[in-house]
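All of these numbers come straight from a predicted model, not from anything done at the bench. Below, all heavy atoms of this structure are taken into account, side chains as well, without hydrogens, waters or symmetry copies.
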Amino acid sequence: MFDYDGPAGFNISVNSPLGDKKSKWTGFGNETLLGQTWSTQMAEAMGECFGKEGYETGINGIYAPGVNLHRSPYTARNYEYYSEDGVISGKLAAEVIRGAKTNGLYCYLKHFVLSEPGPNPGGLNTWVTEQNLRENYLKPFEIAVKEGGANAIMSAFNRVGGIWVGASYPCLTQILRTEWGFRGTVITDYSAGGV
């Protein structure tokens, strides 16, 4: 079983165990470009393509879509996310996930949650009111889980209120699983140590 990074198609890895199969992958426009279309039909078609390419080349999962918000125009990972709007981001992500699932590919919706400040905000403590968290930063994840049937999540590097998100009972259990009814896998983001 193989999972590959995304979100604009499968990222080509130099040391890929799949060899020449990776040459069959499509490089799609980034999520910001898709976000500018507001097209749920295009998002679903993109997800279907992810699923078909995954099936044909032996890939089971993709680390996509990314639904963190564009908090600042200077954030290094804005290309991985749709927009500054949680509803638009959630609706597009839900359709990408729905399309991918029709071909057996699972999507690791990322980076749960509040990973807006930079490249990999490890060690960062993010403080926010519960109202702001729910109305803005959790909204795209909630929509993707409830409407798109997301069944895989990638947690973020940062901490919310002093607790690392990858071990946050309030975020991963109380909100994600109990409130939203998520039934699936949660993995942590990549780490080479020191984060």
Side-chain angles (χ1 to χ4, degrees), residues 3 5-8 28 30-32 34-51 54 60-71 77-78 80-116 126 128-158 160-161 163-189:
D3 296 339
D5 197 14
F28 293 87
N30 67 30
E31 288 197 355
T32 304
L34 182 58
Q36 292 170 356
T37 71
W38 292 32
S39 173
T40 54
Q41 294 84 11
M42 193 177 293
E44 184 176 17
M46 185 175 180
E48 288 173 5
C49 288
F50 288 174
N60 304 96
I62 185 170
Y63 300 148
V67 295
N68 295 103
L69 302 183
H70 293 186
R71 180 185 276 181
R77 293 183 88 162
N78 274 349
E80 286 195 78
Y81 310 131
Y82 297 106
S83 75
E84 71 281 357
D85 184 87
V87 174
I88 292 170
S89 297
K91 296 283 187 183
L92 294 174
E95 294 307 318
V96 168
I97 292 166
R98 186 185 329 278
K101 286 174 63 176
T102 63
N103 290 292
L105 185 74
Y106 51 91
C107 297
Y108 284 99
L109 184 64
K110 62 181 186 178
H111 300 92
F112 189 74
V113 64
L114 278 165
S115 186
E116 283 80 5
T126 307
V128 66
T129 65
E130 183 175 356
Q131 180 179 1
N132 190 6
L133 178 66
R134 287 180 179 274
E135 289 180 1
N136 295 300
Y137 301 104
L138 284 172
K139 186 57 68 179
F141 292 97
E142 180 181 10
I143 292 169
V145 167
K146 290 181 175 179
E147 295 180 18
N151 58 6
I153 299 272
M154 179 185 287
S155 67
F157 281 108
N158 59 299
V160 175
I163 300 170
W164 174 53
V165 178
S168 172
Y169 183 81
C171 288
L172 299 177
T173 302
Q174 291 176 317
I175 294 172
L176 182 62
R177 294 190 185 278
T178 304
E179 286 184 31
W180 298 349
F182 175 79
R183 299 291 175 259
T185 303
V186 177
I187 62 170
T188 60
D189 202 346

Can you measure from [atom1] ([X]) to [atom2] ([Y]) and round to the nearest 0.5 angstrom?
| X | Y | atom1 | atom2 | result |
| --- | --- | --- | --- | --- |
| Ile97 | Leu105 | CD1 | CG | 10.5 Å |
| Phe157 | Asp189 | CZ | CG | 4.0 Å |
| Thr188 | Ile153 | OG1 | CD1 | 13.5 Å |
| Leu109 | Ser155 | CG | OG | 11.5 Å |

Where do Glu84 and Leu69 come nearest, in terms of heavy atoms and distance?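 Of all heavy-atom pairs spanning Glu84 and Leu69, the closest is O-CD1, 4.0 Å.
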Which heavy atom of Cys49 sits nearest to which heavy atom of Phe28, and what is that distance?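 For Cys49 and Phe28, the tightest heavy-atom pair comes out as CB-CZ, 3.6 Å.
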Heavy-atom side-chain proximity of Leu114 to Glu116 below 4.5 angstrom: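 With C-beta onward as the side chain, the pair touches.
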Angle between ring planes, His70 versus Tyr81, binned at 30° and 60°: parallel, tilted or perpendicular?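 Ring orientation, 0 to 90° scale: tilted.
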Which residues pass the side chain to side chain contact (heavy atoms under 4.5 Å, CB included) test with [X], not counting sequence neighbours?
| X | value |
| --- | --- |
| Thr102 | Glu48 |
| Glu179 | Arg134, Ile175 |
| Ile187 | Tyr63, Tyr108, Met154, Thr185 |

Would you mind writing out the side-chain donor-acceptor pairs for residues 34-42 within the sub-3.5 Å range, not counting sequence neighbours?
{"unit_1": "Thr37", "atom_1": "OG1", "unit_2": "Leu34", "atom_2": "O", "d": "2.6"}
{"unit_1": "Thr37", "atom_1": "OG1", "unit_2": "Ser39", "atom_2": "N", "d": "3.1"}
{"unit_1": "Ser39", "atom_1": "OG", "unit_2": "Met42", "atom_2": "N", "d": "3.0"}

Which residue pairs satisfy the salt bridge (Lys or Arg N to Asp or Glu O under 4.0 Å) criterion with at least one member in residues 35-46, sequence neighbours excluded?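 Sorted result for residues 35-46: empty, none.
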Side-chain donor-acceptor distances from residues 135-146 under 3.5 Å, at least two apart:
{"unit_1": "Glu135", "atom_1": "OE2", "unit_2": "Gln131", "atom_2": "NE2", "d": "3.0"}
{"unit_1": "Asn136", "atom_1": "ND2", "unit_2": "Asn132", "atom_2": "OD1", "d": "2.6"}
{"unit_1": "Tyr137", "atom_1": "OH", "unit_2": "Arg71", "atom_2": "NE", "d": "3.4"}
{"unit_1": "Lys139", "atom_1": "NZ", "unit_2": "Glu142", "atom_2": "OE1", "d": "3.4"}
{"unit_1": "Glu142", "atom_1": "OE2", "unit_2": "Lys146", "atom_2": "NZ", "d": "2.8"}

